[in-house]
Amino acid sequence: MKAFVSQALQGALQQLHAQGSIPGIPATLELDRPKQGEHGHLASNIALLLARIAGRKPRDLAAEIVAALPASEWIARAEIAGPGFINFFLQPAAFHTVIRQVRAEREGFGANRSGAGQRLQLEFVSANPTGPLHVGHGRGAAYGASLANILRFNGYDIFCEYYVNDAGRQMDILAASVYLRYLEAAQALPWPFPSNTYRGEYVRAVATRLRERVGNRLLYAATGLPDLPKIGDGDLAIDTLIAHLKQSLGEDYRVLHSAGLDEILDDIRDDLIGFGVHYERWYSEHSLMNTGAVDAAVAALEAAGHCYIHEGALWFRATAFGDDKDRVLRRDNGAYTYFASDVAYHAEKFARGFTRIIDMWGADHHGYVPRVKAALRALGLDDQCLEVVLVQFAVLYRGTEKVSMSTRAGEFVTLRALREEVGNDAARFFYVLRRADQHLDFDLELAKKHSEENPVFYIQYAHARVYSLLRQTTEKGLSLPPAAGSIDLEPLQDPREWALADTLWRFPEVVATAARDREPHQIAFYLRDLAAAFHTYYNSTRILVDDTPLRHARLTLCTAVAQSIANGLRLLGVSAPEQM
RNA sequence: GCGCCUGUAGCUCAAUCGGAUAGAGCAACGGCCUUCUAAGCCGUAGGUUACAGGUUCGAUUCCUGUCAGGCGCACCA
């Protein structure tokens, strides 16, 4: 519909161009939706933009453009206002068309094909499998999954991926932690549980289950156990412990290692599926090591002459590519850094031929962006294809009271606990209510409220109200509008009905800009607007009237609203109940 | 110290890649249920868009500086 007005405008401009009144025509014409009702349904600033290059007064130019507009059945009139805006007022027929469109396209209403043929890879959450997901990860999950849905709705081919850091030192620390809890359970731990290991309850649970499986068979590694309290609380103590376990357990170390990894990863998968978050692939860091991809990536950087040896470590000259420091790829002990495998991982993403790669990272990783981009450029890849979205932290509140989330003590709030407390719908919605780069205050009390204060219920209620109307219609023995075929919408002559239809017509636009800007919150805000517009209409107008053509037309409008709400909620992973 | 992000109503946030009189929700105050769900609606009040300059017909938006907050500055991930 916007395209229709845009076309008319384009026609006028072409005519003026042919006459020589204006030197050129912009490739894209912007049509704004004015805030003020008196400014019409759509407005163009084209005369203001062209005035300078044409050397004309904006208002004069606007008058010429309006005069050149082709006749149209949808445009009622065009007015010139302010410094030179052209305001378009639409005919009711234009609004009726939107309602018909929703009716015809159903769950496809709002979609477009602008991303057709483009393959995008989205990587999000990718939390270390060293413990259950917490509420911070939940935001990344909700954001990533919603963005994936929105991009798919824009025709993109989306591939979601979770990068599993199953190879690093953190996993060894987890294995060590599990072992210590295992000793503890067998009353074979000679000193208190150390503070710089993973101390969450879940580690104890893993150890308990390990003990159920293998009994006391792994106790033998307690012999010669390093005296941690004596060594101290630093990294040295942990590394000594890990080295001891690897040497002493030999092949059995894998049992220990996977006891933690497998169980925690299963829990994360299960948690995300329960949250409506699905991945095309879980990509193992370990597999990158195994296939030699890391060796290859590092060798490629070396071959290109971007590396040097310093104090026994292999460094990448990141400063030559815009980073503020050079970065270590391989430590003096021969082990690759996390950075090395991440370079390999990203190089591998490029090799898979995605049009674009979008990483969603916690905001605390922002310093990491320049070095990854630097490495990609050093490998001769186009770092513009990598887009990094930094997701800020979420802070939980219970009313006005901040919920503390100390990871050190292992007492963080898990995503699972949050989902159980407020429900998936509220959690998914609240998480995407803010732009990714804004801090998020998540109020648990509000999320649980079943009232207008809670935007999720406010929107779902609007949807349910429409279904209630449909139920009432049959109960009263009245006829419903035909499900398919033609419908007469001429009875809709109330400006309030046009306003509601006008809001419907914004949905496809919001879907497009939300995708362009990577901003799911635009959908959330739109849905609140649409629900409000519906509630207003519902309160002002009786739907179930005896006049059959009018009732049919109004019910058709209402079901179009419900359909749009359902489509929008679906993009956010929130259910659209028919009854509340 | 350097870098990234942010600063908008009492609170939480919007503002369509520079547009007209900066908008919502919550909180506050005042109204609306013998009629389709009051889980709702209507109205009132609330602003020097942190501050100072600059670019522009036009700036919350772009540029520079100052102030304030968050995050980061590992041979951790």
Side-chain angles (χ1 to χ4, degrees), chain A residues 28 30-36 38-39 43 45 48-49 51-52 57-58 81-85 87 126-128 130 165 167-171 173 235 285 310-315 324-325 327-333 335-339 341-342 362-370 390 392-393 397 400 433-441 443 446 449-455 457-458 460-462 464-466 468-473 475-476 478 506 509-510 512-514 516-517 521-522 524-525 528-529 531-532 534-545 554 558 579-580:
Chain A
T28 53
E30 274 182 50
L31 282 172
D32 282 335
R33 204 171 274 284
K35 291 162 192 158
Q36 305 281 114
E38 314 92 80
H39 294 151
N45 63 351
L48 291 161
L49 293 177
R52 197 176 320 163
K57 285 185 185 166
F85 290 99
N87 297 332
S126 298
N128 281 349
T130 53
N165 292 117
R169 180 167 172 270
Q170 296 303 317
M171 288 311 302
I173 297 177
D235 286 347
E285 181 188 9
H310 177 66
E311 291 179 352
L314 179 70
W315 294 71
D324 44 8
K325 276 178 192 156
R327 307 291 174 180
V328 172
L329 288 165
R330 198 190 311 120
R331 303 184 190 109
D332 57 3
N333 66 8
Y336 285 119
T337 57
Y338 173 84
F339 176 56
S341 44
D342 223 23
D364 54 335
H365 283 59
H366 70 79
Y368 208 76
V369 180
L390 297 169
Q392 293 283 346
F393 299 117
Y397 286 83
T400 52
L433 206 45
R434 300 282 171 260
R435 267 169 35 197
D437 58 11
Q438 288 280 352
H439 289 267
L440 172 70
D441 289 337
D443 183 352
L446 180 60
K449 275 189 191 163
H450 288 211
S451 73
E452 27 121 17
E453 294 168 64
N454 184 339
F457 284 87
Y458 182 79
Q460 290 181 323
Y461 178 46
R465 256 187 165 172
V466 173
S468 174
L469 283 171
L470 297 176
R471 285 190 296 270
Q472 292 280 332
T473 311
E475 278 166 28
K476 286 174 193 269
L478 296 169
R506 273 176 50 206
E509 297 168 24
V510 173
T513 57
R516 182 197 66 196
D517 303 335
H521 81 269
Q522 290 189 22
F525 274 81
R528 208 164 55 179
D529 285 351
F534 174 73
H535 287 309
T536 298
Y537 176 60
Y538 179 92
N539 272 274
S540 71
T541 312
R542 189 168 176 80
I543 311 299
L544 302 182
V545 290
R554 286 182 175 166
C558 291
Q579 202 162 356
M580 297 188 71

Original post:
Rounded to whole angstrom units, what separation is found between the CG atom of A:Asp441 and the C1' atom of B:rG70?
Top reply: 12 Å
Subject >> Listed nucleotide nearest any side-chain atom of A:Asp364, set B:rG72, B:rA20, B:rC36 >> reply: B:rG72
**OP:** Could you check whether A:Leu329 gets within reach of a base, just the sugar-phosphate, or nothing at all, counting any heavy atom under 4.0 Å?
**Re:** nothing
**OP:** Compare side-chain N and O positions of A:Lys325 against OP1 and OP2 of B:rA74 and report whether any pair is under 4.0 Å apart.
**Re:** yes
**OP:** Select base, sugar-phosphate, or nothing to describe what A:Ala335 touches, counting heavy atoms under 4.0 Å on all strands.
**Re:** nothing
**OP:** Could you tell me whether A:Ala43 contacts a base, only the sugar-phosphate backbone, or nothing, with contacts defined as non-hydrogen atoms closer than 4.0 Å?
**Re:** base
**OP:** Test for a donor-acceptor pair under 3.5 Å between the base of B:rC5 and the side chain of A:His366, counting only N and O atoms.
**Re:** no
Original post:
Within the structure shown, what part of the strands sits under 4.0 Å from A:Asp324 by heavy-atom distance: base, sugar-phosphate, or nothing?
Top reply: nothing
Original post:
Any stacking of A:His365 on B:rG72, going by centres under 5.5 angstrom and planes within less than 30 degrees?
Top reply: no
Original post:
Hey, does the Lys NZ or Arg CZ of A:Arg465 hover above the aromatic six-ring of A:Tyr538, less than 6.0 Å from the centre and inside 45° of the axis?
Top reply: yes
Original post:
Touch check for A:Ser126, heavy atoms < 4.0 angstrom, all strands: base, sugar-phosphate only, or nothing?
Top reply: nothing
**OP:** Answer with base, sugar-phosphate or nothing: what part of the nucleic acid does A:Phe339 contact at a heavy-atom distance below 4.0 Å?
**Re:** nothing
Subject >> B:rC36, syn or anti by chi within 90 degrees of zero >> reply: anti
Original post:
How far, in whole Å, is B:rA45 from B:rA50 if one measures between their C1' atoms?
Top reply: 24 Å
Original post:
With a non-hydrogen cut-off below 4.0 angstrom, is A:Ser468 in contact with a base, only sugar-phosphate, or nothing?
Top reply: base
Original post:
If we take the P atom in both B:rA24 and B:rC63, what is their distance in whole Å?
Top reply: 29 Å
Subject >> Nearest to side-chain heavy atoms of A:Arg33, which nucleotide of B:rU6, B:rU16, B:rU35 >> reply: B:rU16
Subject >> Helical stems, RNA chain B - three or more consecutive Watson-Crick or G-U wobble pairs below 3.5 Å >> reply: B:1-7 with B:67-73, B:10-13 with B:23-26, B:28-32 with B:40-44, B:50-54 with B:62-66
**OP:** May I ask you to say what A:Glu311 touches in the nucleic acid, namely base, sugar-phosphate or nothing, with a heavy-atom cut-off under 4.0 Å?
**Re:** base
Original post:
If you check the A:Gln392 side chain, which of B:rC5, B:rA20, B:rA77 turns out closest?
Top reply: B:rC5
Original post:
In whole Å, what is the span from the NE2 atom of A:His535 to the C1' atom of B:rG25?
Top reply: 13 Å
Subject >> C1'-based separation of B:rC36 from B:rC17 [nearest Å] >> reply: 44 Å
Original post:
Would you say A:Phe85 stacks on B:rA20, if stacking means ring centres under 5.5 Å apart and planes within less than 30 degrees?
Top reply: yes
